[in-house]
Amino acid sequence: MQNVINLTPKIKWVQVGLSSEPLLENTIHKLDLSIREMAYIIFRSKFVLTLEGLYNHLASCFDKKTFIILSGMLPAEASYYKNNVIISKFEDLDCAPCYKLNNCVKSEKFCTTRITSDYAANVINKDLNL
């Protein structure tokens with residue numbers, strides 16, 4: 001995430017999460033929020049960048065554009081909402097979706113290592129016309 005932030009200097013980033021998590025540079029930190037407070041931050045945002053999970057589903061409640069970095073663990077349909085922009089590189093992998101959190105059967109976890117910071121930043125910049 002830090003590299004994506006570094007590659008998108010025109011965006012004013014806000015980091016939500018826990019204070020025990022690594023802090024991202026060049027962001028406004030809103031940490032240890034209640035779900036209500038986090039929902040308000042997402043409601044007021046222009047878009048969300050996240051992995052598949054709570055933030056994606058919460059942003060979709062407000063029809064917020066959501067850039068989701070998706071590994072090959074789940075199919076894209078598992079987190080599909082009309083407001084989602086999927087950032088992935090597993091479409092041509094014979095092992096995806098694998099439904100495994102760990103223990104990749106390949107020599108390298110291609111579903112995630114092929115998603116570079118440059119690739120993710122380019123998807124975001126292109127979609128937002130930056």
Side-chain angles (χ1 to χ4, degrees):
M1 294 295 185
Q2 184 65 63
N3 289 335
V4 173
I5 290 168
N6 294 344
L7 292 167
T8 53
K10 293 181 180 180
I11 297 172
K12 186 175 181 180
W13 292 98
V14 176
Q15 178 183 4
V16 297
L18 301 175
S19 56
S20 59
E21 297 171 336
L23 295 179
L24 297 169
E25 298 173 8
N26 303 314
T27 63
I28 297 166
H29 300 111
K30 298 290 184 183
L31 307 171
D32 301 325
L33 303 173
S34 69
I35 291 178
R36 174 177 273 180
E37 292 168 319
M38 184 178 21
Y40 181 74
I41 298 276
I42 290 173
F43 171 73
R44 299 289 303 176
S45 68
K46 293 183 180 175
F47 67 89
V48 174
L49 170 64
T50 187
L51 304 173
E52 204 294 316
L54 173 65
Y55 300 140
N56 166 42
H57 300 291
L58 189 55
S60 294
C61 292
F62 304 115
D63 203 26
K64 289 291 172 183
K65 179 175 294 237
T66 307
F67 294 96
I68 303 176
I69 300 175
L70 254 188
S71 72
M73 186 182 87
L74 297 171
E77 296 80 16
S79 39
Y80 178 77
Y81 295 102
K82 64 181 179 179
N83 54 294
N84 290 157
V85 177
I86 304 294
I87 300 173
S88 67
K89 286 281 198 165
F90 65 83
E91 295 80 4
D92 63 342
L93 295 176
D94 62 354
C95 56
C98 69
Y99 302 99
K100 295 181 181 181
L101 289 173
N102 298 310
N103 302 322
C104 180
V105 297
K106 300 290 185 180
S107 61
E108 181 180 335
K109 197 172 177 189
F110 296 108
C111 59
T112 55
T113 59
R114 293 174 13 175
I115 306 171
T116 64
S117 303
D118 287 329
Y119 178 75
N122 286 336
V123 170
I124 293 167
N125 284 325
K126 182 177 179 182
D127 190 88
L128 297 176
N129 295 313
L130 299 178

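Computed from a prediction, not measured in an experiment: that's the story for all the values here.
- One distance of note links CG of Leu49 with CD1 of Ile124; it measures 4.5 Å at 0.5 Å rounding.
- Proximity of a side-chain donor or acceptor of Gln15 to a complementary backbone N or O of Thr27 within less than 3.5 Å is not detected.
- The backbone N or O of Glu52 sits nowhere less than 3.5 Å from a side-chain atom of His57 that would complete a donor-acceptor pair.
- Atom CG of Asp63 sits about 11.5 Å away from atom CZ of Phe43, to the nearest 0.5 Å.
- Between Val48 and Ala59, the closest heavy-atom pair is CG2-CB, 3.9 Å.
- The residue from Lys10, Lys65, Lys46 that alone fulfils the side chain to side chain contact (heavy atoms under 4.5 Å, CB included) condition with Leu128 is Lys65.
- The distance from the OG atom of Ser19 to the CG atom of Leu33 is 10.0 Å, given to the nearest 0.5 Å.
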| task | Just do the side-chain contact (heavy atoms from CB on, under 4.5 Å) check on Ile69 and Met1 with the steps written out, would you? | result | CA-CA 10 Å; Ile69 300 175; Met1 294 295 185; 4.1 Å; yes

| Is there a side-chain contact (heavy atoms from CB on, under 4.5 Å) between Trp13 and Leu24 once you walk through the steps? | CA-CA 9 Å; Trp13 292 98; Leu24 297 169; over 6 Å; no

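- In this structure, CD in Glu37 is found 8.0 Å from CD1 in Ile41, a value given to the nearest 0.5 Å.
- A side chain to side chain contact (heavy atoms under 4.5 Å, CB included) with Asp118 is found for one member of Val123, Val4, Leu7 and no other, namely Leu7.
- When all heavy atoms of Asn84 and Ser60 are compared, the pair lying nearest together is ND2-OG, 4.0 Å.
- No more than 12 heavy atoms of other residues, nucleotides or ligands shown are found within 6.0 angstrom of CD1 on Ile35.
- Atom CZ of Phe47 and atom CG of Asn83 lie 13.5 Å apart (nearest 0.5 Å).
- The line from OG1 of Thr66 to CG of Asn56 is 5.5 Å long, rounded to the nearest 0.5 Å.
- Judged by distance alone, with hydrogens and angles left aside, the side-chain atoms of Glu25 form no donor-acceptor pair with the main-chain N or O of Gln2 at under 3.5 Å.
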